K.L.:
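I have a structure here, written as structure tokens, and I will follow up with some questions on it.
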Amino acid sequence: MNTYEKDEKNVALKLHYDVANDDFSRAGEASSKIKKMLKQLAIDANIVRRVAIATYEAEINLVIHSNGGNIEVFIKSDRIEIYVEDCGPGIENVDLAMTQGFSTATNVAREMGFGAGMGLPNMEKMSDVFIIESELGSGTNIKMIVKYENV
Amino acid sequence: MQIKYIADVTNAEILAFKQGIDHEVVTAFGSDLMSDVLAYVEEDTLLITGLINQQVIRTAEMLDLKAILFVRGKTPCNEVIALAEEKQILLMMTRESLFTVSGILFQHGLRGIKI
Ligand SMILES: Nc1ncnc2c1ncn2[C@@H]1O[C@H](COP(=O)(O)OP(=O)(O)O)[C@@H](O)[C@H]1O
Ligand SMILES: [Mg+2]
């Protein structure tokens with residue numbers, strides 16, 4: 001249950017966005033589209049907000065830390081699942097990366113207002129289930145589940 | 001507090017989405033760290049910042065914020081202004097520093113968010 005795995009069962013709607021690395025001018029576009037779609041589907045505003053924050057921080061990480069990747073969103077009857085995958089470089093120490101304040105961001109990222117080491121912890125905070133797997137040299141996979149009802 | 005009133009007491013010039021001037025914000029948050037804004041802001045909040053890039057607008061969009069006040073005379077480029085118009089986020093700019101406008105707004109009764 002705690003390993004990264006895409007759950008293709010009962011997906012009502014699937015969204016897919018590719019995110020290029022270093023494309024600062026477009027950073028946030030995927031999250032913006034995801035947010036717009038969820039709003040159109042009349043999903044609860046608080047759920048939309050949590051998904052928007054989580055996908056946006058994930059998208060920024062793809063732009064500033066990865067070699068490029070993608071975000072997939074599975075909309076289901078009781079939850080939203082977010083899958084973030086990239087093709088490297090991977091994270092050496094995931095526990096350290098999850099620590100508030102830890103960041104290897106460059107000055108360019110800092111000038112954009114990121115690189116405070118708050119992204120991954122906040123993504124975890126927004127999710128009911130948060131799974132991160134990373135391998136140096138191959139890449140990082142993150143799965144986040146936001147449930148409509150917290151039971 | 002109404003945006004119109006905020007613009008008035010901080011001597012701010014409206015740069016985008018003037019239609020939003022009657023909107024009322026509940027609190028204010030001042031920061032140049034967008035990750036902190038994303039982590040702490042929950043209500044209908046005025047964002048006060050010295051950053052003027054596109055990510056500031058995106059951050060406000062994700063949080064459904066209605067107004068941003070740029071300090072120290074920082075003026076965003078046309079692209080950023082256009083994005084704010086599209087997202088219906090009011091942008092305004094004051095020559096004062098973040099500390100000074102925060103003091104002015106606090107004095108007029110606006111309060112910060114609960115951390
Ligand atoms: N997709 C990724 N690929 C490689 N490294 C990553 C990725 N996402 C996060 N990291 C690493 O984890 C650190 C912490 O990430 P985060 O909490 O989002 O803070 P920030 O992005 O502000 O640095 C980053 O500085 C980076 O070293
Ligand atoms: Mg980050």
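Because the structure is predicted, anything quoted here is derived from the model rather than measured. Lettering follows sequence order; numbering is per chain, from 1.
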K.L.:
Find out if a path of hydrophobic residues (ILVMFWY) with successive side-chain heavy-atom gaps under 4.5 Å connects B:I81 to B:I89.
P.N.:
yes
K.L.:
If every non-hydrogen atom of A:I53 is compared with every non-hydrogen atom of B:L38, which pair is closest and at what distance?
P.N.:
CD1-O, 3.8 Å
K.L.:
Which donor-acceptor pairs sit under 3.5 Å apart between chain B and chain A?
P.N.:
| residue | atom | partner | partner atom | Å |
| --- | --- | --- | --- | --- |
| B:M34 | N | A:G113 | O | 2.8 |
| B:S35 | OG | A:E57 | OE2 | 2.9 |
| B:L38 | O | A:N122 | ND2 | 3.3 |
| B:A39 | O | A:K125 | NZ | 3.0 |
| B:V41 | O | A:R49 | NH2 | 3.2 |
| B:N53 | ND2 | A:E111 | O | 3.1 |
| B:Q54 | NE2 | A:S25 | O | 2.4 |
| B:Q55 | O | A:Y56 | OH | 3.2 |
| B:Q55 | OE1 | A:Y56 | OH | 2.7 |
| B:Q55 | NE2 | A:F24 | O | 3.2 |
| B:Q55 | NE2 | A:A27 | O | 3.3 |
| B:R58 | NH1 | A:S32 | OG | 3.2 |
| B:E61 | O | A:K35 | NZ | 2.6 |
| B:E61 | OE2 | A:S32 | OG | 2.6 |
| B:D64 | OD1 | A:K35 | NZ | 2.7 |
| B:K87 | NZ | A:S32 | OG | 3.4 |

K.L.:
Does A:I91 belong to the same Ile/Leu/Val/Met/Phe/Trp/Tyr cluster as A:I60, with side-chain heavy atoms less than 4.5 Å apart forming each link?
P.N.:
yes
K.L.:
If hydrophobic clusters are built by linking Ile, Leu, Val, Met, Phe, Trp and Tyr wherever their side-chain heavy atoms come under 4.5 Å apart, do B:L51 and B:L90 end up in the same one?
P.N.:
no
K.L.:
According to a 4.5 Å side-chain heavy-atom criterion applied to Ile, Leu, Val, Met, Phe, Trp and Tyr, with indirect links allowed, do B:I48 and B:M92 form part of one hydrophobic cluster?
P.N.:
yes
K.L.:
Under a 4.5 Å heavy-atom cut-off, does chain A meet the side chain of B:L33, its backbone, both or neither?
P.N.:
both
K.L.:
If you link I, L, V, M, F, W and Y whenever their side-chain heavy atoms are under 4.5 Å apart, who else ends up in the same group as A:L96?
P.N.:
A:F102
K.L.:
Sort B:V41 into side chain, backbone, both or neither according to what part of it lies under 4.5 angstrom from a heavy atom of chain A.
P.N.:
backbone
K.L.:
Under a 4.5 Å side-chain heavy-atom rule over Ile, Leu, Val, Met, Phe, Trp and Tyr, are A:I47 and A:L15 clustered together?
P.N.:
yes
